[in-house]
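What follows is a set of notes on a single structure, which appears directly below.
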Amino acid sequence: MANQEDIFKNIISHSKEYGFIFQSSEIYDGLSAVYDYGQMGVELKKNLREYWWKAMVQMHENIAGIDAAIFMHPTTWKASGHIDAFNDPLIDNKDSKKRYRADVLIEEHVAKIEAKIQKEVDKAKERFGESFNEETFRDTNGRVLENQAKIDSILSRFKEALEKNNLEEVRQIIIDCEIVCPVSGSKNWTEVRQFNLMFSTSMGAVSEESNVIYLRPETAQGIFVNFLNVQKSGRMKIPFGIAQTGKAFRNEIVARQFIFRMREFEQMEMQYFVRPGTEMEWYNYWKAARMKWHNSLGLGASNYRFHDHLKLAHYANAACDIEFNFPFGFKELEGIHSRTDFDLKAHEKFSGKKLQYFDTETNANYTPYVVETSVGLDRMFLAVFSNSLKEETLEDGSTRIVLQLPSVLAPTKAAVFPLVKKDGLPEIAQQIIEDLKWDFNVAYDEKDAVGRRYRRQDALGTPFCITVDHQTAEDQTVTIRHRDSMKQDRVKISELKNIIETEVSMKNWLLKAKN
Ligand code: ATP
(Lines give C-alpha, C1' and ligand atoms only; values in the text may rest on other atoms or scores of the structure.)
Protein backbone atom coordinates (compact mmCIF):
# COMPACT_ATOMS: atom_id res chain seq x y z
CA MET A 1 0.00 0.00 0.00
CA ALA A 2 1.54 3.29 -1.09
CA ASN A 3 1.67 6.05 1.51
CA GLN A 4 -0.13 9.38 1.17
CA GLU A 5 2.94 11.18 -0.06
CA ASP A 6 3.58 8.61 -2.82
CA ILE A 7 -0.06 8.72 -3.89
CA PHE A 8 0.14 12.50 -4.14
CA LYS A 9 3.40 12.32 -6.13
CA ASN A 10 1.74 9.86 -8.50
CA ILE A 11 -1.15 12.22 -9.04
CA ILE A 12 1.20 15.08 -9.88
CA SER A 13 3.29 13.01 -12.30
CA HIS A 14 0.22 11.51 -13.98
CA SER A 15 -1.23 14.96 -14.48
CA LYS A 16 1.98 16.02 -16.21
CA GLU A 17 2.56 12.88 -18.26
CA TYR A 18 -0.92 12.96 -19.77
CA GLY A 19 -1.16 16.69 -20.46
CA PHE A 20 -3.40 17.83 -17.62
CA ILE A 21 -1.17 20.18 -15.60
CA PHE A 22 2.31 21.59 -16.15
CA GLN A 23 4.40 23.75 -13.87
CA SER A 24 4.31 27.32 -15.17
CA SER A 25 7.40 28.28 -17.23
CA GLU A 26 8.92 24.91 -16.53
CA ILE A 27 11.88 25.43 -18.88
CA TYR A 28 13.01 28.19 -16.51
CA ASP A 29 12.62 25.83 -13.54
CA GLY A 30 9.06 26.92 -12.94
CA LEU A 31 7.35 29.69 -11.02
CA SER A 32 6.40 28.78 -7.50
CA ALA A 33 2.71 27.96 -6.92
CA VAL A 34 1.72 28.84 -10.49
CA TYR A 35 0.52 26.16 -12.90
CA ASP A 36 -0.59 25.78 -16.51
CA TYR A 37 -3.38 23.52 -17.67
CA GLY A 38 -2.46 21.36 -20.67
CA GLN A 39 -4.55 20.05 -23.54
CA MET A 40 -6.44 17.57 -21.34
CA GLY A 41 -6.55 19.71 -18.21
CA VAL A 42 -8.12 22.66 -19.97
CA GLU A 43 -11.05 20.48 -21.08
CA LEU A 44 -11.61 18.98 -17.65
CA LYS A 45 -11.43 22.43 -16.08
CA LYS A 46 -13.82 23.88 -18.66
CA ASN A 47 -16.30 21.04 -18.03
CA LEU A 48 -16.13 21.60 -14.28
CA ARG A 49 -16.76 25.32 -14.74
CA GLU A 50 -19.70 24.60 -17.00
CA TYR A 51 -21.10 22.02 -14.59
CA TRP A 52 -21.09 24.66 -11.87
CA TRP A 53 -22.40 27.41 -14.14
CA LYS A 54 -25.34 25.33 -15.38
CA ALA A 55 -26.27 24.26 -11.86
CA MET A 56 -26.08 27.79 -10.49
CA VAL A 57 -27.08 30.11 -13.34
CA GLN A 58 -28.97 28.14 -15.97
CA MET A 59 -31.00 26.11 -13.46
CA HIS A 60 -31.95 29.13 -11.33
CA GLU A 61 -34.22 31.71 -12.86
CA ASN A 62 -33.23 34.18 -10.15
CA ILE A 63 -29.46 33.85 -10.51
CA ALA A 64 -27.67 35.91 -13.13
CA GLY A 65 -24.09 35.52 -14.24
CA ILE A 66 -21.53 38.26 -14.83
CA ASP A 67 -17.91 38.48 -15.87
CA ALA A 68 -16.29 41.40 -14.06
CA ALA A 69 -12.78 42.63 -14.82
CA ILE A 70 -9.82 41.53 -12.76
CA PHE A 71 -8.72 45.14 -12.28
CA MET A 72 -11.02 47.23 -10.15
CA HIS A 73 -10.95 50.75 -8.78
CA PRO A 74 -8.44 50.67 -5.90
CA THR A 75 -10.99 52.06 -3.44
CA THR A 76 -12.86 48.76 -3.83
CA TRP A 77 -10.14 47.10 -1.78
CA LYS A 78 -10.13 49.85 0.80
CA ALA A 79 -13.88 49.35 1.28
CA SER A 80 -13.66 45.57 1.38
CA GLY A 81 -10.94 45.73 4.02
CA HIS A 82 -8.31 44.01 1.89
CA ILE A 83 -5.86 46.92 1.86
CA ASP A 84 -5.88 47.17 5.65
CA ALA A 85 -6.60 43.63 6.71
CA PHE A 86 -5.04 41.40 4.05
CA ASN A 87 -1.62 42.33 5.49
CA ASP A 88 0.97 40.37 7.42
CA PRO A 89 4.15 42.01 8.86
CA LEU A 90 6.91 39.48 8.16
CA ILE A 91 10.32 38.93 9.71
CA ASP A 92 12.95 36.29 8.99
CA ASN A 93 15.48 34.76 11.32
CA LYS A 94 18.82 34.86 9.52
CA ASP A 95 20.14 31.71 11.19
CA SER A 96 17.20 29.35 10.84
CA LYS A 97 15.95 31.06 7.68
CA LYS A 98 12.46 30.68 9.13
CA ARG A 99 9.85 33.29 8.40
CA TYR A 100 7.49 34.63 11.05
CA ARG A 101 4.73 37.12 11.34
CA ALA A 102 6.18 39.92 13.46
CA ASP A 103 2.82 40.61 15.10
CA VAL A 104 2.54 36.98 16.18
CA LEU A 105 6.03 37.03 17.72
CA ILE A 106 5.14 40.13 19.75
CA GLU A 107 1.74 38.81 20.77
CA GLU A 108 3.25 35.54 21.92
CA HIS A 109 5.81 37.46 23.97
CA VAL A 110 3.06 39.52 25.60
CA ALA A 111 1.12 36.35 26.32
CA LYS A 112 4.14 34.99 28.21
CA ILE A 113 4.24 38.07 30.45
CA GLU A 114 0.51 37.78 30.98
CA ALA A 115 1.02 34.20 32.07
CA LYS A 116 3.55 35.44 34.66
CA ILE A 117 1.00 37.88 36.06
CA GLN A 118 -1.62 35.18 36.17
CA LYS A 119 0.78 33.00 38.14
CA GLU A 120 1.23 35.75 40.76
CA VAL A 121 -2.54 36.19 40.95
CA ASP A 122 -3.15 32.47 41.36
CA LYS A 123 -0.51 32.23 44.10
CA ALA A 124 -2.01 35.14 46.01
CA LYS A 125 -5.51 33.74 45.64
CA GLU A 126 -4.37 30.56 47.27
CA ARG A 127 -2.64 32.46 50.07
CA PHE A 128 -5.46 34.86 50.94
CA GLY A 129 -8.41 32.56 50.31
CA GLU A 130 -11.90 34.07 50.68
CA SER A 131 -10.67 37.56 51.47
CA PHE A 132 -8.73 37.88 48.21
CA ASN A 133 -9.64 40.84 46.02
CA GLU A 134 -8.11 40.34 42.62
CA GLU A 135 -8.65 43.88 41.42
CA THR A 136 -6.91 45.43 44.41
CA PHE A 137 -4.10 42.92 44.14
CA ARG A 138 -3.54 43.73 40.46
CA ASP A 139 -3.59 47.46 41.29
CA THR A 140 -1.09 47.26 44.13
CA ASN A 141 1.25 44.28 43.83
CA GLY A 142 4.73 45.43 42.82
CA ARG A 143 5.64 42.55 40.54
CA VAL A 144 2.25 42.56 38.82
CA LEU A 145 2.45 46.30 38.27
CA GLU A 146 5.93 45.98 36.87
CA ASN A 147 4.89 43.28 34.41
CA GLN A 148 1.69 45.04 33.48
CA ALA A 149 3.69 48.18 32.77
CA LYS A 150 5.93 46.14 30.47
CA ILE A 151 2.89 44.83 28.58
CA ASP A 152 1.32 48.26 28.32
CA SER A 153 4.52 49.75 27.03
CA ILE A 154 5.04 47.01 24.43
CA LEU A 155 1.46 47.18 23.22
CA SER A 156 1.31 50.94 23.01
CA ARG A 157 4.64 51.02 21.15
CA PHE A 158 3.39 48.30 18.83
CA LYS A 159 0.06 50.00 18.19
CA GLU A 160 1.75 53.29 17.42
CA ALA A 161 4.30 51.58 15.17
CA LEU A 162 1.53 49.90 13.20
CA GLU A 163 -0.46 53.09 12.92
CA LYS A 164 2.56 54.92 11.58
CA ASN A 165 3.57 51.88 9.56
CA ASN A 166 6.93 52.16 11.30
CA LEU A 167 8.36 48.73 10.60
CA GLU A 168 11.79 49.61 12.01
CA GLU A 169 10.11 50.25 15.33
CA VAL A 170 8.29 46.89 15.09
CA ARG A 171 11.69 45.25 14.66
CA GLN A 172 13.13 47.30 17.56
CA ILE A 173 10.33 46.05 19.81
CA ILE A 174 11.29 42.48 18.94
CA ILE A 175 14.95 43.27 19.71
CA ASP A 176 14.14 45.14 22.96
CA CYS A 177 11.92 42.30 24.13
CA GLU A 178 14.80 39.94 23.42
CA ILE A 179 12.54 37.65 21.44
CA VAL A 180 14.41 34.63 20.09
CA CYS A 181 13.64 32.36 17.14
CA PRO A 182 12.10 29.15 18.49
CA VAL A 183 14.12 27.12 15.97
CA SER A 184 17.63 28.62 16.09
CA GLY A 185 17.33 30.28 19.49
CA SER A 186 19.04 33.37 18.03
CA LYS A 187 18.08 37.05 17.92
CA ASN A 188 19.55 37.50 14.46
CA TRP A 189 16.53 39.10 12.77
CA THR A 190 16.10 40.70 9.36
CA GLU A 191 14.15 43.92 8.94
CA VAL A 192 10.36 43.71 9.08
CA ARG A 193 8.43 43.84 5.85
CA GLN A 194 4.76 44.60 5.55
CA PHE A 195 3.29 41.84 3.50
CA ASN A 196 -0.04 42.31 1.78
CA LEU A 197 -1.35 39.19 0.09
CA MET A 198 -2.64 41.26 -2.81
CA PHE A 199 -0.53 41.61 -5.93
CA SER A 200 -0.24 45.16 -7.11
CA THR A 201 0.78 46.80 -10.32
CA SER A 202 0.42 50.27 -11.77
CA MET A 203 -1.99 51.52 -14.35
CA GLY A 204 -1.12 54.09 -16.99
CA ALA A 205 2.24 55.59 -17.86
CA VAL A 206 2.98 57.49 -14.65
CA SER A 207 3.91 55.33 -11.75
CA GLU A 208 2.80 57.35 -8.79
CA GLU A 209 1.12 55.90 -5.78
CA SER A 210 -2.30 56.99 -6.96
CA ASN A 211 -1.92 54.72 -9.97
CA VAL A 212 -1.40 51.55 -7.96
CA ILE A 213 -4.03 48.97 -8.71
CA TYR A 214 -4.48 45.42 -7.50
CA LEU A 215 -5.10 42.05 -9.02
CA ARG A 216 -8.31 40.99 -7.34
CA PRO A 217 -7.79 38.58 -4.41
CA GLU A 218 -11.39 37.36 -4.72
CA THR A 219 -14.07 37.62 -7.39
CA ALA A 220 -16.80 38.58 -4.92
CA GLN A 221 -16.15 42.32 -4.97
CA GLY A 222 -16.86 42.48 -8.72
CA ILE A 223 -20.31 41.21 -7.85
CA PHE A 224 -20.94 43.65 -4.98
CA VAL A 225 -20.03 46.72 -6.99
CA ASN A 226 -22.38 45.55 -9.77
CA PHE A 227 -25.23 44.69 -7.43
CA LEU A 228 -27.49 47.54 -8.51
CA ASN A 229 -26.52 47.33 -12.20
CA VAL A 230 -27.65 43.72 -12.39
CA GLN A 231 -30.68 44.23 -10.15
CA LYS A 232 -31.97 47.16 -12.21
CA SER A 233 -31.08 46.02 -15.72
CA GLY A 234 -32.20 42.46 -14.99
CA ARG A 235 -35.31 43.54 -13.05
CA MET A 236 -34.28 41.13 -10.31
CA LYS A 237 -36.44 40.68 -7.22
CA ILE A 238 -35.03 39.70 -3.87
CA PRO A 239 -34.02 36.98 -3.19
CA PHE A 240 -31.70 36.79 -6.16
CA GLY A 241 -28.15 35.80 -6.89
CA ILE A 242 -25.22 36.96 -9.00
CA ALA A 243 -22.64 34.38 -10.03
CA GLN A 244 -19.25 34.57 -11.64
CA THR A 245 -16.19 32.51 -12.34
CA GLY A 246 -12.76 34.00 -12.81
CA LYS A 247 -9.17 34.38 -11.79
CA ALA A 248 -8.12 35.58 -8.36
CA PHE A 249 -4.59 36.28 -7.14
CA ARG A 250 -3.04 35.92 -3.69
CA ASN A 251 0.62 36.17 -2.84
CA GLU A 252 0.38 33.18 -0.52
CA ILE A 253 3.30 32.99 1.92
CA VAL A 254 3.26 29.26 2.35
CA ALA A 255 2.40 27.96 -1.10
CA ARG A 256 2.68 24.24 -1.60
CA GLN A 257 0.48 21.21 -2.18
CA PHE A 258 0.34 21.53 -5.94
CA ILE A 259 -2.83 23.22 -7.21
CA PHE A 260 -4.40 23.26 -3.74
CA ARG A 261 -2.76 26.56 -2.86
CA MET A 262 -1.77 28.66 -5.85
CA ARG A 263 -0.82 32.28 -6.29
CA GLU A 264 -3.04 32.55 -9.35
CA PHE A 265 -6.23 30.53 -9.20
CA GLU A 266 -9.83 30.52 -10.29
CA GLN A 267 -12.91 30.94 -8.16
CA MET A 268 -16.56 30.18 -8.81
CA GLU A 269 -18.61 32.40 -6.57
CA MET A 270 -22.25 33.25 -6.08
CA GLN A 271 -23.60 36.03 -3.90
CA TYR A 272 -27.23 35.60 -2.92
CA PHE A 273 -28.99 38.82 -1.88
CA VAL A 274 -31.74 38.32 0.67
CA ARG A 275 -34.09 40.24 2.93
CA PRO A 276 -32.39 40.99 6.31
CA GLY A 277 -33.52 38.48 8.88
CA THR A 278 -33.91 35.66 6.36
CA GLU A 279 -30.19 35.06 5.92
CA MET A 280 -29.96 31.99 8.16
CA GLU A 281 -32.71 30.30 6.23
CA TRP A 282 -30.82 30.89 2.98
CA TYR A 283 -27.50 30.00 4.52
CA ASN A 284 -28.90 26.58 5.40
CA TYR A 285 -30.53 26.27 2.00
CA TRP A 286 -27.23 26.88 0.18
CA LYS A 287 -25.29 24.60 2.50
CA ALA A 288 -27.59 21.75 1.51
CA ALA A 289 -27.76 22.70 -2.18
CA ARG A 290 -24.01 22.94 -2.58
CA MET A 291 -23.43 19.63 -0.84
CA LYS A 292 -25.95 18.04 -3.18
CA TRP A 293 -24.11 19.46 -6.17
CA HIS A 294 -20.83 17.98 -4.96
CA ASN A 295 -22.44 14.62 -4.33
CA SER A 296 -23.98 14.52 -7.80
CA LEU A 297 -20.47 13.89 -9.17
CA GLY A 298 -20.37 10.54 -7.39
CA LEU A 299 -16.98 10.84 -5.69
CA GLY A 300 -18.45 9.35 -2.52
CA ALA A 301 -20.45 11.14 0.18
CA SER A 302 -17.97 10.14 2.90
CA ASN A 303 -15.29 12.25 1.16
CA TYR A 304 -17.09 15.47 2.09
CA ARG A 305 -17.84 17.07 5.41
CA PHE A 306 -18.95 20.42 6.78
CA HIS A 307 -16.62 22.32 9.02
CA ASP A 308 -18.20 25.21 10.92
CA HIS A 309 -15.97 28.21 11.50
CA LEU A 310 -15.46 28.76 15.21
CA LYS A 311 -13.97 32.21 14.78
CA LEU A 312 -16.01 34.29 12.35
CA ALA A 313 -14.58 36.95 10.07
CA HIS A 314 -15.56 40.48 11.02
CA TYR A 315 -18.24 40.59 8.30
CA ALA A 316 -19.84 37.18 8.85
CA ASN A 317 -22.61 35.98 11.17
CA ALA A 318 -22.31 32.34 10.11
CA ALA A 319 -19.71 30.51 8.05
CA CYS A 320 -18.68 26.98 7.19
CA ASP A 321 -16.48 25.12 4.76
CA ILE A 322 -17.23 22.08 2.71
CA GLU A 323 -14.10 20.02 3.18
CA PHE A 324 -12.93 17.28 0.85
CA ASN A 325 -10.79 14.28 1.60
CA PHE A 326 -7.74 15.29 -0.46
CA PRO A 327 -4.69 12.99 -0.69
CA PHE A 328 -3.27 14.99 2.25
CA GLY A 329 -6.44 14.84 4.37
CA PHE A 330 -9.68 16.78 4.77
CA LYS A 331 -9.19 20.38 3.63
CA GLU A 332 -11.36 23.30 2.55
CA LEU A 333 -12.88 22.97 -0.91
CA GLU A 334 -15.68 25.52 -0.69
CA GLY A 335 -16.69 28.26 1.70
CA ILE A 336 -20.29 29.20 2.51
CA HIS A 337 -20.61 32.48 4.34
CA SER A 338 -23.40 34.64 5.61
CA ARG A 339 -21.75 38.02 4.99
CA THR A 340 -24.52 40.23 6.40
CA ASP A 341 -24.72 43.67 4.75
CA PHE A 342 -21.04 44.34 5.43
CA ASP A 343 -19.83 44.62 1.83
CA LEU A 344 -22.71 46.62 0.37
CA LYS A 345 -22.66 49.00 3.34
CA ALA A 346 -18.90 49.48 2.99
CA HIS A 347 -19.21 50.25 -0.73
CA GLU A 348 -22.02 52.68 0.03
CA LYS A 349 -19.82 54.47 2.50
CA PHE A 350 -16.73 54.65 0.31
CA SER A 351 -18.47 55.44 -2.97
CA GLY A 352 -21.16 57.74 -1.59
CA LYS A 353 -23.67 55.88 -3.83
CA LYS A 354 -26.78 54.25 -2.46
CA LEU A 355 -26.71 50.47 -2.86
CA GLN A 356 -30.18 49.72 -1.59
CA TYR A 357 -33.14 47.74 -2.73
CA PHE A 358 -36.77 48.81 -2.68
CA ASP A 359 -38.88 45.84 -1.65
CA THR A 360 -42.31 46.21 -3.21
CA GLU A 361 -43.72 43.51 -0.94
CA THR A 362 -42.81 45.27 2.29
CA ASN A 363 -42.70 48.79 0.84
CA ALA A 364 -39.32 49.32 2.42
CA ASN A 365 -35.83 50.31 1.34
CA TYR A 366 -33.01 48.27 2.75
CA THR A 367 -29.46 47.05 2.23
CA PRO A 368 -29.79 43.35 1.42
CA TYR A 369 -27.96 40.68 3.38
CA VAL A 370 -25.72 38.32 1.45
CA VAL A 371 -25.11 34.60 1.55
CA GLU A 372 -22.03 33.58 -0.43
CA THR A 373 -20.96 30.27 -1.89
CA SER A 374 -17.32 30.27 -3.01
CA VAL A 375 -15.53 27.28 -4.47
CA GLY A 376 -12.04 27.09 -5.95
CA LEU A 377 -12.10 25.67 -9.46
CA ASP A 378 -8.55 24.37 -9.16
CA ARG A 379 -9.36 22.73 -5.84
CA MET A 380 -12.39 21.12 -7.50
CA PHE A 381 -10.06 19.90 -10.22
CA LEU A 382 -7.71 18.40 -7.65
CA ALA A 383 -10.60 16.78 -5.78
CA VAL A 384 -11.98 15.14 -8.91
CA PHE A 385 -8.61 14.21 -10.39
CA SER A 386 -7.08 12.75 -7.24
CA ASN A 387 -10.22 10.79 -6.44
CA SER A 388 -10.46 9.34 -9.95
CA LEU A 389 -6.92 8.06 -10.42
CA LYS A 390 -6.92 4.32 -9.70
CA GLU A 391 -4.56 1.43 -10.19
CA GLU A 392 -6.52 -1.77 -10.79
CA THR A 393 -5.38 -5.36 -10.76
CA LEU A 394 -7.09 -7.26 -13.54
CA GLU A 395 -8.21 -10.89 -13.61
CA ASP A 396 -5.06 -12.01 -15.43
CA GLY A 397 -2.92 -10.44 -12.70
CA SER A 398 -1.81 -7.46 -14.82
CA THR A 399 -2.51 -3.92 -13.69
CA ARG A 400 -3.98 -0.91 -15.39
CA ILE A 401 -4.02 2.78 -14.51
CA VAL A 402 -7.46 4.24 -15.05
CA LEU A 403 -8.70 7.76 -14.51
CA GLN A 404 -12.31 7.14 -13.54
CA LEU A 405 -13.47 10.70 -14.02
CA PRO A 406 -17.19 11.38 -13.82
CA SER A 407 -17.89 10.91 -17.53
CA VAL A 408 -19.67 14.27 -17.72
CA LEU A 409 -16.32 15.90 -16.93
CA ALA A 410 -14.05 13.72 -19.08
CA PRO A 411 -11.96 15.79 -21.52
CA THR A 412 -12.55 13.35 -24.39
CA LYS A 413 -15.83 11.45 -24.48
CA ALA A 414 -14.85 8.81 -27.02
CA ALA A 415 -11.76 7.65 -28.91
CA VAL A 416 -12.17 5.99 -32.29
CA PHE A 417 -9.66 3.39 -33.52
CA PRO A 418 -9.29 1.56 -36.81
CA LEU A 419 -8.19 -1.99 -35.95
CA VAL A 420 -5.54 -1.79 -38.66
CA LYS A 421 -4.18 1.06 -40.75
CA LYS A 422 -5.46 -0.34 -44.05
CA ASP A 423 -8.43 -1.89 -45.87
CA GLY A 424 -10.40 1.35 -45.66
CA LEU A 425 -10.78 1.11 -41.85
CA PRO A 426 -9.08 4.47 -41.09
CA GLU A 427 -11.50 6.17 -43.47
CA ILE A 428 -14.54 4.68 -41.70
CA ALA A 429 -13.09 5.68 -38.33
CA GLN A 430 -12.53 9.22 -39.60
CA GLN A 431 -16.10 9.35 -40.82
CA ILE A 432 -17.35 8.37 -37.34
CA ILE A 433 -15.22 11.15 -35.87
CA GLU A 434 -16.68 13.54 -38.42
CA ASP A 435 -20.24 12.62 -37.34
CA LEU A 436 -19.64 12.67 -33.58
CA LYS A 437 -17.50 15.78 -33.24
CA TRP A 438 -20.47 18.11 -33.55
CA ASP A 439 -21.75 16.85 -30.21
CA PHE A 440 -18.73 15.58 -28.32
CA ASN A 441 -14.99 15.95 -27.95
CA VAL A 442 -13.68 12.86 -29.72
CA ALA A 443 -10.19 11.62 -30.58
CA TYR A 444 -8.73 9.45 -33.33
CA ASP A 445 -5.88 7.05 -32.66
CA GLU A 446 -4.29 4.51 -34.98
CA LYS A 447 -0.89 4.12 -33.31
CA ASP A 448 0.19 0.88 -31.55
CA ALA A 449 -1.81 -2.27 -30.81
CA VAL A 450 -5.44 -1.77 -29.82
CA GLY A 451 -4.75 -2.98 -26.25
CA ARG A 452 -2.23 -0.21 -25.75
CA ARG A 453 -4.57 2.35 -27.22
CA TYR A 454 -7.20 1.26 -24.69
CA ARG A 455 -4.71 1.71 -21.85
CA ARG A 456 -3.81 5.19 -23.01
CA GLN A 457 -7.46 6.26 -23.14
CA ASP A 458 -8.03 4.71 -19.68
CA ALA A 459 -5.21 6.88 -18.34
CA LEU A 460 -6.77 9.95 -19.98
CA GLY A 461 -10.18 9.19 -18.50
CA THR A 462 -12.00 8.66 -21.84
CA PRO A 463 -15.29 6.86 -21.07
CA PHE A 464 -15.66 5.11 -24.48
CA CYS A 465 -13.38 3.51 -27.06
CA ILE A 466 -14.88 2.66 -30.43
CA THR A 467 -13.08 0.16 -32.64
CA VAL A 468 -13.65 -0.19 -36.38
CA ASP A 469 -12.80 -3.64 -37.75
CA HIS A 470 -13.37 -5.60 -40.94
CA GLN A 471 -16.93 -6.47 -39.97
CA THR A 472 -17.71 -2.74 -39.81
CA ALA A 473 -17.23 -2.43 -43.54
CA GLU A 474 -19.81 -5.18 -44.05
CA ASP A 475 -22.56 -4.41 -41.51
CA GLN A 476 -21.95 -0.88 -40.18
CA THR A 477 -21.32 -2.11 -36.62
CA VAL A 478 -18.41 -1.32 -34.29
CA THR A 479 -17.31 -2.43 -30.84
CA ILE A 480 -17.75 0.07 -28.04
CA ARG A 481 -15.71 -0.47 -24.90
CA HIS A 482 -16.65 1.02 -21.54
CA ARG A 483 -13.76 2.49 -19.55
CA ASP A 484 -14.76 1.33 -16.06
CA SER A 485 -16.16 -2.15 -16.73
CA MET A 486 -13.96 -2.73 -19.82
CA LYS A 487 -17.05 -4.46 -21.25
CA GLN A 488 -17.30 -4.44 -25.04
CA ASP A 489 -20.55 -4.37 -27.00
CA ARG A 490 -21.15 -4.65 -30.71
CA VAL A 491 -23.44 -1.81 -31.78
CA LYS A 492 -24.56 -0.04 -34.93
CA ILE A 493 -22.67 3.11 -35.89
CA SER A 494 -26.01 4.91 -35.93
CA GLU A 495 -26.53 4.10 -32.21
CA LEU A 496 -23.24 5.62 -31.05
CA LYS A 497 -24.47 9.12 -30.51
CA ASN A 498 -27.32 7.98 -28.24
CA ILE A 499 -25.15 5.66 -26.20
CA ILE A 500 -22.58 8.36 -25.53
CA GLU A 501 -25.20 11.04 -24.92
CA THR A 502 -27.05 9.01 -22.27
CA GLU A 503 -23.83 8.52 -20.34
CA VAL A 504 -22.24 11.95 -20.56
CA SER A 505 -25.11 14.42 -20.84
CA MET A 506 -24.95 17.19 -18.29
CA LYS A 507 -28.69 16.97 -17.85
CA ASN A 508 -28.56 13.40 -16.59
CA TRP A 509 -25.82 14.26 -14.12
CA LEU A 510 -27.32 17.55 -12.96
CA LEU A 511 -30.69 15.93 -12.29
CA LYS A 512 -28.96 14.30 -9.30
CA ALA A 513 -28.16 17.75 -7.91
CA LYS A 514 -31.68 19.08 -8.31
CA ASN A 515 -33.29 20.40 -5.14
P1 ATP B 1 -7.63 28.89 2.85
O2 ATP B 1 -8.10 28.93 4.28
O3 ATP B 1 -7.39 27.49 2.32
O4 ATP B 1 -6.52 29.84 2.55
P5 ATP B 1 -9.62 30.80 2.32
O6 ATP B 1 -10.53 30.54 3.48
O7 ATP B 1 -8.68 31.94 2.36
O8 ATP B 1 -8.82 29.44 1.98
P9 ATP B 1 -11.67 31.88 0.68
O10 ATP B 1 -11.16 33.25 0.78
O11 ATP B 1 -12.88 31.49 1.45
O12 ATP B 1 -10.46 30.86 1.01
O13 ATP B 1 -11.83 31.52 -0.87
C14 ATP B 1 -12.84 30.66 -1.35
C15 ATP B 1 -12.29 29.46 -2.08
O16 ATP B 1 -11.28 29.83 -2.99
C17 ATP B 1 -11.65 28.44 -1.17
O18 ATP B 1 -12.60 27.56 -0.61
C19 ATP B 1 -10.71 27.73 -2.11
O20 ATP B 1 -11.40 26.68 -2.80
C21 ATP B 1 -10.32 28.79 -3.10
N22 ATP B 1 -8.97 29.29 -2.80
C23 ATP B 1 -8.63 30.24 -1.91
N24 ATP B 1 -7.30 30.47 -1.92
C25 ATP B 1 -6.78 29.64 -2.87
C26 ATP B 1 -5.47 29.40 -3.37
N27 ATP B 1 -4.42 30.07 -2.91
N28 ATP B 1 -5.32 28.47 -4.35
C29 ATP B 1 -6.37 27.80 -4.84
N30 ATP B 1 -7.63 27.98 -4.41
C31 ATP B 1 -7.85 28.88 -3.43
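In listed order, ligands and their atoms are each counted from 1. The figures that follow rest on heavy atoms only: side chains count, while hydrogens, waters and symmetry mates do not. In what follows, residues are counted from 1 in the order of the sequence shown.
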Check your understanding: Quick one: side-chain hydrogen bond (donor to acceptor under 3.5 Å, both in side chains) partners of Lys159, sequence neighbours excluded?
Key -> Glu163
Practice item. Report the residues that fulfil side-chain hydrogen bond (donor to acceptor under 3.5 Å, both in side chains) with Asp359, sequence neighbours left out, ordered by chain and then residue number. Key: Arg275, Tyr366
Practice item. Could you tell me whether Lys349 atom NZ has more than 12 heavy atoms of other residues or ligands within 6.0 Å of it? Key: no
Exercise for review: For Thr502 and Asn508, test the side chains for any donor-to-acceptor distance below 3.5 angstrom and give the result as yes or no.
Suggested key: no
Review point. Would you say the side chains of Glu279 and Ser338 form a donor-acceptor pair under 3.5 Å?
Key: no
Exercise answer, ligand 1 polar atom pairs (N/O) under 3.5 angstrom:
| residue | atom | partner | partner atom | Å |
| --- | --- | --- | --- | --- |
| ligand 1 | 3 (O) | Arg261 | NH2 | 2.9 |
| ligand 1 | 3 (O) | Arg379 | NH1 | 3.2 |
| ligand 1 | 3 (O) | Arg379 | NH2 | 3.1 |
| ligand 1 | 4 (O) | Arg261 | NH1 | 2.8 |
| ligand 1 | 4 (O) | Arg261 | NH2 | 3.4 |
| ligand 1 | 6 (O) | Glu332 | OE1 | 3.2 |
| ligand 1 | 7 (O) | Arg250 | NH1 | 3.0 |
| ligand 1 | 10 (O) | Arg250 | NH1 | 3.2 |
| ligand 1 | 10 (O) | Arg250 | NH2 | 2.9 |
| ligand 1 | 13 (O) | Gln267 | NE2 | 3.3 |
| ligand 1 | 16 (O) | Gln267 | NE2 | 3.3 |
| ligand 1 | 18 (O) | Glu332 | OE2 | 2.6 |
| ligand 1 | 18 (O) | Leu333 | O | 3.3 |
| ligand 1 | 20 (O) | Leu333 | O | 2.9 |
| ligand 1 | 20 (O) | Gly376 | N | 2.9 |
| ligand 1 | 27 (N) | Glu252 | OE2 | 2.9 |
| ligand 1 | 27 (N) | Met262 | N | 3.4 |
| ligand 1 | 27 (N) | Met262 | O | 2.8 |
| ligand 1 | 28 (N) | Phe260 | O | 3.4 |
| ligand 1 | 28 (N) | Met262 | N | 2.9 |

Can I get a per-line list of side-chain donor-acceptor pairs under 3.5 Å for residues 61-69, giving both atom names and the distance, sequence neighbours left out?
| residue | atom | partner | partner atom | Å |
| --- | --- | --- | --- | --- |
| Asn62 | ND2 | Pro239 | O | 3.0 |
| Asn62 | ND2 | Tyr272 | OH | 2.9 |

